[in-house]
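Notes follow the structure.
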Amino acid sequence: MSQYSDEDAFEAAAAPSTRAQPSLSQRATAAPHVDYFAGLNPAQRQAVETLDGPVLMLAGAGTGKTKALTCRIAHLMATGRARPDEILAVTFTNKAAREMKNRISGLTQGASEGMRWLGTFHAICVKLLRRHSELVGLKSSFTILDTDDQMRLLKQLLRASDIDEKRWPPRMLAGIIDGWKNKAWTPAQVPVAESSAFDDKGVDLYAAYQQRLKDLNACDFGDLLLHMVTIFQTHADVLATYQRWFKYILVDEYQDTNVAQYLWLRLLAQGHKNICCVGDDDQSIYGWRGAEVGNILRFEKDFPGAHVVRLEQNYRSTGHILGAAAGVIDANKDRLGKTLFTDGEDGEKVRLIGHWDGEEEARWIGEDIESMQRGTRGLDAMPLNSMAILVRASHQMRSFEDRFLTIGLPYRVIGGPRFYERMEIRDAMAYFRLAVSQDDDLAFERIVNTPKRGLGDKAVQTIQMTARSNGVNLIEGARLCVNGGLIKGRGGNALRDLVQGLDRWHGQLHCRSNGATRRELLDDEDSVIDDGPTVEVFDGASNVNHVELAEVILDECGYTAHWKNEKTPEAPGRLENLKELVKALENFDSLQGFLEHISLIMDNAKDEEDDKVTIMTLHGAKGLEFPSVYLPGWEDGLFPSQRSMDESGLKGLEEERRLAYVGITRAEKHCTISFTSSRLVYGQWQSQMPSRFIDELPEENVEVLTPPGLHGGGFGAAGMSAQANPASEGMASTLHEKMAKADVYNSPGWRRLQSRSQQRPMTQPKESRNAVIDLKATSSFTTGERVFHHKFGYGEVMEIEGDKLLIEFDKAGEKKVVAKFIVSADSANDVPF
DNA sequence: CTACACCAGATTTTT
DNA sequence: TCTGGTGTAG
């Protein structure tokens, strides 16, 4: 594709939106200070109005940077500086991109629809790369590998090179290669200093891997950026096109950019230098995956004369919360230094409490959440939606899930495996990929024996050998094997059926497309369609249902049946997911279109409307805010994580500290930090020391709920005092001092705890409080009945106690669970599909 | 080729 | 403790 046609395509694409433009600029001329300026403080306003030249917006937590950013975009459009599609706006997450789009839409009466270049780095790069892929030796129909495929490929390479997989695990190689890609190094560009990586074979393996990807017409996540940077660096004409096209560039979360992203941005901005980067060095928490805080620090060097705007007025948190956060982050060196302030109230102090163990911590938080929800403590009742538990590592979530399940407190876990990363989704997608392109060998490898068809390693190897020696794809190879009698018997029959099925689905798909070639389809999509739900590409023909075809494929290949027959606890959920996948297909007009976008946009945007407590990692919480935030697990080794400190020393510690800062600044009104003295790690009890970050919390902003000497307090403080506390010996002296100084016995918190612990002494069995018998809610289950629980799996009802059921789970053991979380085992299998 | 049993390593964080 | 990978028996 020549540069010329590029421009044509761009002009063509731009045409529709020019129509909308005059009305916008009229509005701007008629009323210079359009409504969206209202409510901006001077700094924000400066950030919005300084349109030309480089701008660095240093925006502290909760200072309204998204507001400034979206207003700036609206302003660009309203003043006619750029059409919506001439603005490049980059975010890190799809969620952020969505939110920005919505907010701009609100400001501009829908003009954001034309913003075709608002998205994540990766999403935008895919779009660009589909256009120019031939410049790096790929067809524009290239597939994007998920980590699973990537790992399988690397394993093959390692096996071929005769490397001990024990000593040199594929994961490690993947990490190294990823790191190089983040630095924008092609195999040839990896510096000599790195040549010892992975037993001296790293670079060679990297080269081999890239070659293999090219053969497969595929690329991984890192390649999306790497390839684009390479293209920009080696094809001045292409770069120039885009430099001209993107009149204004905006970057969110700039502190999280890695070198490749930085180069990409710098190349694009080089011409006009109309680039506005928004970031907060104090919130840089992705150093471990290649983010360079240095990018934000060197901005002014790269773009001399850059306007630097600081947003320091915080609109989110109370004074005490800001004070606590500031105390922690102050311990970091090398900050650009911002001082957040608020006009609001001091509010409630940050609460600090120690517990005996994780179970008690979860119990305490659960009860506190319930009381907040009821509105005790003389405070207004708060919905569960307004509360969040933010943990360092996802395995910490479990104790909360267990506890909340037991007491019937609705919660929602954010994070975990992404939807499209789940096994069943990837399996299904592999079938779809093969229907679209028979050349997708990785997909074939994935599903030859899924569901089980009696085709083991030997059969697969035979197919691979045959394919290779005949220079054909694996499907052809399999066909040859069957016809040539190389694979016989049960497996041979199954393989023949599979190949026939694949042919059939392939044929059905391509006649559905009304004769349109893949090429035409791509061109259409690229120039007209942005992403997601969209216009029909083909007149009339398209809705003859790729959705139906997808269902047919999953049925005919036996995959649906496979999960229906499977009696494991996860099976119903997997069927459910497959149903969701098929439903998601409805939003696209072809399987191709779906596959091209899916790996990038299929995140779990789930039930936000239900009133539930949110449980998520600190990383996942960046950019969010909650009226009430719980920060459990503040113990040295867990938070700050030992691993970060071992691997990255002081830098690692500082990043952990920024994580703590991010955590605290998520809170609007209430923030509760807790730690335990013993914790179960890898099934072993470990005594814990309170996090060093706790010592950095300024005393005046903290209310200590744990009495001195009773580290491991909470409800059972009195009962616990007799027990030896392994951690108290080594507990940081400052913490001791703090606790001694705090007049805890007169604090509202302590009195509250006292009165509550009297109501429910620790000596009682922990379930006592929950054994409230509610006759009205008596469940419809009978003892001995087989039941299913979405987390614990299948089990048998042992006892019924009001709406609580004691269940002996096959896998999870005996648990007491609220009836509403339970379904009968029969109905669990009845998932319609 | 599957099914089961045993052992080792893992537990940050994710586009 | 849990998972995933390898090895062995049927």
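Below, read A as the first sequence line, B as the second, and so on, with proteins coming before strands; counting in each chain starts at 1.
- The ring pair (Phe, Tyr, Trp, His ring centres under 6.0 Å) search around Phe626(A) returns none, not counting sequence neighbours.
- Computed from coordinates, the Leu618(A) CG to dT14(B) P distance equals 10 Å when rounded to whole Å.
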Enumerate all atom pairs, one protein N or O and one N or O from nucleotides 7-10 of chain B, separated by less than 3.5 Å.
none

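- Partners of Phe693(A) under the ring pair (Phe, Tyr, Trp, His ring centres under 6.0 Å) rule, at least two apart in sequence or in another chain, are Phe639(A).
- Judged by distance alone, the side chains of Asn295(A) and Thr257(A) do bring a donor and an acceptor atom under 3.5 Å apart.
- Legend: residues meeting side-chain hydrogen bond (donor to acceptor under 3.5 Å, both in side chains) with Arg159(A), ordered by chain and number and at least two apart, are Glu165(A).
- Proximity of Ser691(A) to Pro640(A): side-chain heavy atoms (C-beta onward) are separated by under 4.5 Å at one or more points.
- Counting any heavy atom pair closer than 4.0 Å across all strands shown, Ser644(A) reaches a base atom.
- In this structure, of dT6(C), dG5(C), dT15(B), it is dT6(C) that holds the atom nearest to the side chain of Arg159(A).
- Using a 4.0 Å heavy-atom distance criterion, Glu647(A) is classed as a base contact.
- Residues passing the ring pair (Phe, Tyr, Trp, His ring centres under 6.0 Å) test with Tyr209(A), sequence neighbours excluded: none.
- The nucleotide whose nearest atom lies closest to any side-chain atom of His395(A) is, among dG5(C), dT11(B), dT13(B), dT11(B).
- For Ile285(A) and dT15(B), the CD1 to C1' distance is 13 Å, given to the nearest whole Å.
- With sequence neighbours left out, the salt bridge (Lys or Arg N to Asp or Glu O under 4.0 Å) criterion links Arg657(A) to Glu696(A).
- Atom C1' of nucleotide dT14(B) and atom CG of Leu224(A) are separated by 14 Å, given to the nearest angstrom.
- At whole-Å resolution of the value, CD in Glu656(A) and C1' in dT11(B) are 13 Å apart.
- When distances run from any side-chain atom of Arg398(A) to the nucleotides dC2(C), dG5(C), dT13(B), the shortest one goes to dC2(C).
- Counting to the nearest Å, the P atom of dT14(B) and the CD1 atom of Ile144(A) are 20 Å from each other.
- Computed from coordinates, the Met616(A) CE to dT13(B) P distance equals 13 Å when rounded to whole Å.
- Remark: Tyr661(A) engages no residue in a ring pair (Phe, Tyr, Trp, His ring centres under 6.0 Å) (not counting sequence neighbours).
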Please produce a list of atom pairs where a protein N or O lies less than 3.5 Å from an N or O of nucleotides 1-5 of chain B.
residue, atom, partner, partner atom, Å
dC1(B), OP1, Gly456(A), N, 2.4
dT2(B), OP1, Gly454(A), N, 3.3

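- Rounded to an integer number of Å, the gap from CG of Leu145(A) to C1' of dT15(B) is 15 Å.
- Phosphate proximity of dT14(B) to Thr617(A): present, with a side-chain N or O under 4.0 Å from OP1 or OP2.
- Straight-line distance from the CZ atom of Arg658(A) to the P atom of dT13(B): 18 Å, rounded to whole Å.
- Nucleic acid contact for Tyr286(A): sugar-phosphate only, since backbone atoms but no base atoms lie under 4.0 Å from a heavy atom of the residue.
- Remark: Asp497(A) pairs with Gln500(A) by the side chain to side chain contact (heavy atoms under 4.5 Å, CB included) rule, at least two apart or across chains.
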